[in-house]
Amino acid sequence: MSRAMTWIVLSAAVAAAAAGCSSRRSSRDDLYSRLSEEPAAFDRSVLEGRRIVLDPGHGGRFRGALGADSLSEADVNLGVALYLWGLLDEAGADVRLTRSADSDFLTDGSSAVQADLAARTALANGWNAEAFISIHHNSNIELDRARNGIEVYYRDDEAGASLELAEEIHLHLARNLGIGDSSIRTGNYFVLRESNAGAAVLGEASYISNPGVEKKLMISTRQRLEAEAYFLGLLGYFSMGVPRVEPIPFEADTMAIPSSISFRVGRGAEVPVDPSSVRAFLDGSRVDAAYDPAAGIISLPIPPDIPNGTHSAGVSARSVKGATARSAPVRFTIARSARFILPLPPVMEGPGEYRMSLRLLDANASDVADGTAVAARSSANGQWR
């Protein structure tokens, strides 16, 4: 009996020791190990038809950050973006990539990173996306190999749609990547600042300079895991009922002044729009607008005395669940013809030489738009016409 009891006690002790060892997991054990959420539990139909642009950062001559074992950020960014593209496409989203290969946007003879950023931003803006996500992986100037963290940046000083998207992306990256240090920050990055998307964020999901992260991201399934975390963030964002906001087409470049510019506002994920949330903007300033909830139309009046030149109009609306949508800016040009010619005092440029300048005004006595073609001549009595 005593020998049997001894065996039982020893077996229990061994089991307890084994259990203790298994419970002492390091942070590296959780890093990019598994999803803590099940994507199938979410309603993917909320993504149907939503216009999303994915921007895999760097590429081509721009390699981005490098890991200790020379893994390139540009390659990982693209791998994550391609997996995310597939997930979104399967869910019915209208999803585009700024690049689908290891390439940059430079023309022959150019090497400026600003030119690359401007070209990819112009491409993205041509799609009038509802959501823009620039995918990156971080490093640090001090090259502290132990450093790691999640950083999600949203368009600078925009506490609306971009912040809401950043919050959802951050939430699901933090839940699923096994990284404890995480933050949401405003970002004045070029691709965010110049984006016309309804919501724009830049994600630094982890530090590729960290050897543990680099080792994980060398495996394609770990890149897919990160893509799934982004996917969950987008599902969460659009599940809040982001309204669908579309401009109603009109003649964009015209000599006539449109009386109004209209936008169609529809439900997202079958969530009603909050009528009190509708806002209209002309050249960045808020203006009064008429909203017909039954028709789902917002009409933004254009003042008859609006100055000549290029202008922009836009609207925003929020669902009753608190999800904000912002339209892409609608740009139009007012170019009234010249009606009056005002000679300015001549300027002497040399002996017997004078430079004559004319000020050209429209019927409202406002300066005509730059680039307006005007022919002027002097009559015999010295009057200009």
Side-chain angles (χ1 to χ4, degrees), residues 27-40 42 44 47 52-60 62-91 93 95-104 120 131-139 145 147-153 165-166 168-182 191 201-237:
S27 59
R28 285 179 295 179
D29 294 325
D30 294 327
L31 186 64
Y32 280 89
S33 63
R34 73 186 76 78
L35 284 177
S36 65
E37 301 174 281
E38 179 50 59
F42 290 77
R44 298 185 179 211
L47 291 171
I52 301 169
V53 172
L54 306 179
D55 173 44
H58 309 290
F62 304 107
R63 307 315 302 154
L66 292 176
D69 201 21
S70 300
L71 180 63
S72 165
E73 180 196 354
D75 292 339
V76 177
N77 295 345
L78 180 60
V80 172
L82 288 171
Y83 276 121
L84 181 53
W85 176 89
L87 292 167
L88 291 167
D89 184 65
E90 289 176 0
V95 57
R96 309 290 181 92
L97 289 159
T98 58
R99 67 180 179 98
S100 57
D102 185 19
S103 57
D104 54 53
R120 74 170 64 217
F132 170 89
I133 301 176
S134 191
I135 295 173
H136 289 257
H137 293 80
N138 221 336
S139 183
R145 295 292 187 189
R147 185 173 178 180
N148 194 20
I150 298 168
E151 296 168 10
V152 181
Y153 295 86
L165 176 58
E168 287 296 320
I169 295 293
H170 169 264
L171 173 65
H172 294 279
L173 288 177
R175 280 180 178 174
N176 293 285
L177 297 188
I179 300 172
D181 186 12
S182 64
V191 293
V201 303
L202 183 149
E204 301 271 13
S206 55
Y207 275 64
I208 198 173
S209 53
N210 181 299
V213 170
E214 180 187 28
K215 185 177 180 179
K216 295 284 188 177
L217 288 176
M218 285 180 174
I219 305 170
S220 62
T221 54
R222 300 301 189 261
Q223 295 179 15
R224 179 183 174 87
L225 187 148
E226 183 180 312
E228 288 172 324
Y230 272 109
F231 180 67
L232 289 166
L234 284 162
L235 278 172
Y237 174 66

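Only a predicted model underlies this, so the values are computations on that prediction, with no experimental measurement involved.
Side-chain atoms of E228 and N176, non-hydrogen and from C-beta on, never get closer than 4.5 Å to each other. For the pair R63/D75, a side-chain contact is recorded, criterion being any heavy-atom separation below 4.5 Å from C-beta on. Contact annotation: the side chain of L165 approaches that of L234 to within less than 4.5 Å [non-hydrogen atoms, C-beta and beyond].
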Exercise for review: Show the numbers, then the answer: is there a side-chain contact (heavy atoms from CB on, under 4.5 Å) between I179 and S206?
Suggested key: CA-CA 8 Å; I179 300 172; S206 55; 3.7 Å; yes

Check your understanding: V191 and F132: side-chain contact (heavy atoms from CB on, under 4.5 Å), yes or no, with the steps?
Key -> CA-CA 9 Å; V191 293; F132 170 89; 4.1 Å; yes

Exercise for review: I would like to know whether D69 and M218 meet side-chain contact (heavy atoms from CB on, under 4.5 Å); could you show each step before the answer?
Suggested key: CA-CA 10 Å; D69 201 21; M218 285 180 174; 3.3 Å; yes

Check your understanding: Can R224 and F231 be said to form a side-chain contact (heavy atoms from CB on, under 4.5 Å), step by step?
Key -> CA-CA 10 Å; R224 179 183 174 87; F231 180 67; over 6 Å; no

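Taking CG from L177 and CG from L31, the interatomic distance works out to 8.0 Å, rounded to the nearest 0.5 Å. To the nearest 0.5 angstrom, K216 atom NZ is 11.5 Å from N210 atom CG. Atom-to-atom distance recorded for L97:CG and L88:CG is 9.5 Å, nearest 0.5 angstrom. To the nearest 0.5 angstrom, Y207 atom OH is 8.0 Å from D181 atom CG. Rounded to the nearest 0.5 angstrom, T221 OG1 and R34 CZ are separated by 13.0 Å. Rounding to the nearest 0.5 Å gives a distance of 5.0 Å between CZ of F42 and CG of L232.
A pairwise comparison of heavy atoms in L47 and I52 identifies CD2-CD1, 4.3 Å as the closest pair. Heavy-atom minimum distance, V80 versus A227: O-CB, 3.5 Å. Among all heavy-atom pairs drawn from H136 and S134, the shortest one is NE2-OG, 3.0 Å. Taking each heavy atom of A205 and Y32 in turn, the nearest pair found is CB-OH, 4.1 Å. Closest of all the heavy-atom pairs between A229 and L173 is CB-CD2, 3.8 Å. For the residue pair A74 and G59, the shortest heavy atom distance occurs at CB-N, 3.5 Å.
One N or O on the side chain of R145 and one on the backbone of S209 form a donor-acceptor pair closer than 3.5 Å. D89 contributes no side-chain N or O that, together with a main-chain N or O of W85, makes up a donor-acceptor pair within less than 3.5 Å. Not a single donor-acceptor pair under 3.5 Å links the side chain of D55 to the backbone N or O of T98. A side-chain donor-acceptor contact under 3.5 Å links R99 to the backbone of G57. Counting only distance, with no hydrogens or angles, the side chain of E204 and the backbone of N138 share a donor-acceptor pair below 3.5 Å. Of the possible donor and acceptor atoms, none in the side chain of R222 sits under 3.5 Å from a partner among the backbone N and O of E214.
Comment: D104 does not engage R120 in a salt bridge, judged by the lack of any side-chain N to carboxylate O separation of less than 4.0 angstrom.
A donor-acceptor pair shorter than 3.5 Å cannot be found between the side chains of R175 and S36.
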